[in-house]
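Only one structure is covered here, and it is reproduced in the block below.
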Amino acid sequence: MSTAAATATESDTTSPKPEIRIYNTLSKRKELFAPLRPPKVGIYLCGPTVYAESHIGHMVGPVIFDTIKRYLRYSGYDVTLVINITDVDDKLIAKSHQRGIPMSQIACEMTADYLANLKELGVNQIDYLPRATDHMPQIISFIEELEKKGFAYAVDGDVFFDVARDPNYGQLSNRTADAQQGEGGEAAGKKRSPGDFALWKSSKAEQISWDSPWGPGRPGWHIECSAMSHQILGDTFDIHGGGLDLMFPHHENERAQSGCCHDAPMVKYWLHNGLMRAGEKGKVGGKSDREPNPDEAAAGKISRSKGAGGLAELIRTQTGERIRFFLLRTHYRSTIVYGEKILEEAGTSLETFYRFFDRFNEITSKVETHDHPGQLFYDLPTPKSRSEGDFDPAGDPLLTEIHAAREKFLAAMDDDFNSGAAISVLFDSIRLLNRHIDAHSLASGADPEQSEVKSLIKSATVIRELSNVLGLFIKPPATAGGDDQDTAMLDQVVHLLIDLRKEARERKDYATGDAIRDRLSDLGIALLDKKEGTSWERS
RNA sequence: GGCGACGUGCCCGAGUGGUUAAGGGGGCUGAUUGCAAAUCAGUUUUUCAGCGGUUCGAAUCCGCUCGUCGCCUCCA
């Protein structure tokens with residue numbers, strides 16, 4: 001990876017670095033992205049507490065930051081993406097007692113569930129997945145350091161961060177010193193001020209605990225992220241991400257701990273993604289999860305995304321790519337309204353791409369020669385960097401338009417990763433190519449040396465390059481709700497019927513032909529008669 | 001109560017001062033087709049919650065009103 005990135009970087013020195021602007025929660029403005037140690041970029045994203053199976057809302061951050069890493073890498077940076085796993089926490093402890101099994105086992109199961117879901121959504125850019133329980137020495141020494149520097153104080157086995165000692169406290173979430181952390185919680189009596197938060201919590205005898213200078217206990221939530229991000233990314237790193245709901249207190253506290261401990265700003269750019277909301281029923285996975293009310297249950301539609309196994313089941317019926325596309329259609333800072341209808345609609349629009357890829361495959365497989373081994377869309381070479389993908393349209397009308405579309409796509413992504421606008425360019429491009437195929441009758445057979453075919457293949461390469469940046473269309477789409485072996489068998493059977501129908505139509509027996517089509521349609525199989533032949537899709 | 005976000009055409013959703021307001025979904029029309037589907041073209045779309053202000057010019061800036069939502073306690 002480092003070799004490839006270094007090569008890309010070197011080749012980029014000739015051309016100006018792309019100007020990427022990102023919205024920084026701290027400054028509340030879009031800023032020009034300038035990493036601390038180019039070409040290296042460090043990104044830390046707050047991951048889940050693994051006490052239950054994940055829901056679709058948990059996927060928002062990972063999909064976005066996976067995409068951000070893809071784009072930055074594509075733009076010549078050498079990116080390290082860290083997503084942590086919180087595997088020790090009050091809820092995990094409670095769950096462990098409830099189920100009568102060790103906390104680590106629950107954490108293990110739920111981490112596996114989380115990772116399996118990420119994989120289905122094409123999230124594969126994560127470099128480190130640190131677990132809190134693997135970082136106890138770092139966490140403890142971090143707290144010791146804070147105590148030594150006078151930012152923390154121990155009381156009866158608990159250790160608290162002294163908020164009053166940090167003059168920058170509250171900057172990120174825009175809160176004044178006296179309006180923080182309410183009453184101070186159960187440990188209020190031990191705190192110097194209600195806003196102080198726990199770095200270390202002493203454990204009762206029967207609870208899981210780690211030895212520490214303050215006695216047996218476990219780390220507070222915020223310190224885990226400070227310790228792990230420091231361990232992997234250093235005193236100051238480029239990007240810290242997370243959901244808007246984590247801004248306070250979690251990120252504010254992380255920022256205080258790390259900033260005070262290392263006497264340096266923790267993070268240059270704070271990025272916060274919008275939360276997902278289910279219809280009009282409040283945010284998915286929020287309080288409504290634990291306090292379901294009868295009215296919501298009656299609404300029904302959102303229940304699938306809640307509770308055990310919700311996401312895995314959703315992925316099975318909807319496919320991971322559909323969900324990823326759905327998440328990327330909306331700007332990452334906006335609230336995403338989740339609903340089954342909206343997800344279906346996203347799926348419908350994806351079909352436009354899949355049909356084009358099929359169409360492209362059929363055309364290029366026909367022009368196959370020894371010079372042109374049948375170029376299937378999913379096998380096209382994929383330019384890995386911005387400079388590598390650039391090309392000269394050389395006056396070709398189609399390539400001139402595709403080149404302009406590519407510029408538009410990149411401009412959208414440069415502007416705070418506007419994936420929604422970028423996707424619209426992809427749709428435009430597909431229309432350009434369909435029009436091109438129609439105008440030059442490429443579907444009914446073409447010469448591989450024909451310039452229109454060459455420009456079609458080149459254009460498809462650009463589509464592949466750009467969609468790859470979004471993590472879309474990397475491999476042929478999975479079939480919703482089905483397994484691949486059954487699908488292969490079904491495909492053969494349907495093609496048998498397509499052949500029979502073709503024979504009927506050739507002898508003008510339209511009644512038989514239409515009967516085959518109609519009855520397949522009743523079974524949810526739509527036939528597509530095109531110049532290049534008949535294919536099918538699920539309707 | 002404190003802090004903050006949002007309200008875009010039938011629906012979803014880009015768009016933070018200046019060409020005809022992206023794109024998708026749906027409806028309708030035309031080309032194409034034996035007929036459909038797919039594809040292409042056009043249309044639904046002078047309009048951006050309402051009112052007022054700034055400006056040569058605003059969906060975009062300011063003020064007020066109405067509405068929706070989030071955080072302030074664990075949460076991606």
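Order of the sequence lines fixes the chain letters, A, B, ..., with proteins taken first and strands second; residue numbering starts at 1 for each chain.
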If you measure from the [atom1] atom in [N] to the same atom in [M], how many Å do you get, rounded?
{"N": "G4(B)", "M": "C11(B)", "atom1": "P", "value": "31 Å"}
{"N": "G34(B)", "M": "U19(B)", "atom1": "C1'", "value": "46 Å"}
{"N": "G13(B)", "M": "A36(B)", "atom1": "P", "value": "35 Å"}
{"N": "U29(B)", "M": "C71(B)", "atom1": "P", "value": "47 Å"}
{"N": "U60(B)", "M": "C28(B)", "atom1": "P", "value": "35 Å"}
{"N": "G7(B)", "M": "C12(B)", "atom1": "C1'", "value": "14 Å"}
{"N": "A58(B)", "M": "U8(B)", "atom1": "C1'", "value": "14 Å"}
{"N": "A5(B)", "M": "G9(B)", "atom1": "C1'", "value": "23 Å"}

Practice item. Answer yes when Asp509(A) and Arg501(A) have at least one side-chain N-carboxylate O distance shorter than 4.0 Å, and no when they do not. Key: no

Study note, to complete from the structure: Hits for side-chain hydrogen bond (donor to acceptor under 3.5 Å, both in side chains) against Arg70(A), two or more places apart or cross-chain, chain-then-number order -> Asp66(A), Asn124(A)

**Study point:** side-chain hydrogen bond (donor to acceptor under 3.5 Å, both in side chains) involving Ser455(A) - partner list, sequence neighbours excluded
**Key:**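 Ser455(A): no side-chain hydrogen bond (donor to acceptor under 3.5 Å, both in side chains) contacts found.
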
Review point. Which letters describe nucleotides 11-18 of chain B, given B = protein heavy atom under 4.0 Å from base, S = only from sugar-phosphate, - = neither?
Key: -SSSS---

Practice item. Summarise protein proximity over nucleotides 33-43 of chain B in one line of letters, 5' to 3': B for base, S for sugar-phosphate only, - for none, counting protein heavy atoms closer than 4.0 Å. Key: -BBBBSSSS--

Review point. Relative to each other, are the rings of Tyr354(A) and Phe473(A) parallel, tilted or perpendicular (30° and 60° limits)?
Key: perpendicular

Acceptor/donor pairs from residues 82-89 of chain A side chains to any protein atom, 3.5 angstrom cut, sequence neighbours excluded:
{"unit_1": "Asn84(A)", "atom_1": "OD1", "unit_2": "Tyr44(A)", "atom_2": "OH", "d": "3.3"}
{"unit_1": "Asn84(A)", "atom_1": "OD1", "unit_2": "Gly47(A)", "atom_2": "N", "d": "2.8"}
{"unit_1": "Asn84(A)", "atom_1": "ND2", "unit_2": "Thr86(A)", "atom_2": "OG1", "d": "3.2"}
{"unit_1": "Thr86(A)", "atom_1": "OG1", "unit_2": "Glu224(A)", "atom_2": "OE1", "d": "3.4"}
{"unit_1": "Asp87(A)", "atom_1": "OD1", "unit_2": "Ala132(A)", "atom_2": "N", "d": "3.4"}
{"unit_1": "Asp87(A)", "atom_1": "OD1", "unit_2": "Thr133(A)", "atom_2": "N", "d": "3.0"}
{"unit_1": "Asp87(A)", "atom_1": "OD1", "unit_2": "Thr133(A)", "atom_2": "OG1", "d": "3.4"}
{"unit_1": "Asp87(A)", "atom_1": "OD2", "unit_2": "Thr133(A)", "atom_2": "OG1", "d": "2.6"}
{"unit_1": "Asp89(A)", "atom_1": "OD1", "unit_2": "Lys91(A)", "atom_2": "N", "d": "2.6"}
{"unit_1": "Asp89(A)", "atom_1": "OD1", "unit_2": "Leu92(A)", "atom_2": "N", "d": "3.2"}

Check your understanding: Starting at the 5' end of RNA chain B, which residue's closest nucleotide do you reach first, Gly61(A) or Asp428(A)?
Key ->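 Final value for this comparison: Asp428(A).
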
**Study point:** Nearest-nucleotide 5' precedence on RNA chain B, Phe325(A) against His251(A)
**Key:** Phe325(A)

Check your understanding: For residues 414-434 of chain A, which residue pairs qualify under ring-ring contact (aromatic ring centres under 6.0 Å, His included), counting only residues two or more places apart or in two chains?
Key ->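 Every ring-ring contact (aromatic ring centres under 6.0 Å, His included) pair that includes a residue of residues 414-434 of chain A, provided the two are not neighbours, is Phe353(A)-Phe427(A).
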
**Study point:** Positive for side-chain contact (heavy atoms from CB on, under 4.5 Å) with Leu398(A), one of Glu452(A), His436(A), His440(A)
**Key:** His436(A)

Distance check needed: [N] [atom2] versus [X] [atom1], whole Å only.
{"X": "Asn117(A)", "N": "A76(B)", "atom1": "CG", "atom2": "C1'", "result": "13 Å"}
{"X": "Arg277(A)", "N": "G70(B)", "atom1": "CZ", "atom2": "P", "result": "7 Å"}
{"X": "Phe427(A)", "N": "G24(B)", "atom1": "CZ", "atom2": "C1'", "result": "5 Å"}

With sequence neighbours excluded, residues passing salt bridge (charged side-chain N to carboxylate O under 4.0 Å, His left out) with [X]:
{"X": "Arg355(A)", "result": "Glu537(A)"}
{"X": "Arg406(A)", "result": "Asp390(A), Glu465(A)"}
{"X": "Asp499(A)", "result": "none"}
{"X": "Arg29(A)", "result": "none"}

Study note, to complete from the structure: Residues passing the ring-ring contact (aromatic ring centres under 6.0 Å, His included) test with Phe377(A), sequence neighbours excluded, are Phe357(A)

Study note, to complete from the structure: Listed range with range, the stems formed with RNA chain B by at least 3 consecutive Watson-Crick or G-U pairs (under 3.5 Å) are B:1-7 with B:66-72, B:10-12 with B:23-25, B:26-31 with B:39-44, B:49-53 with B:61-65

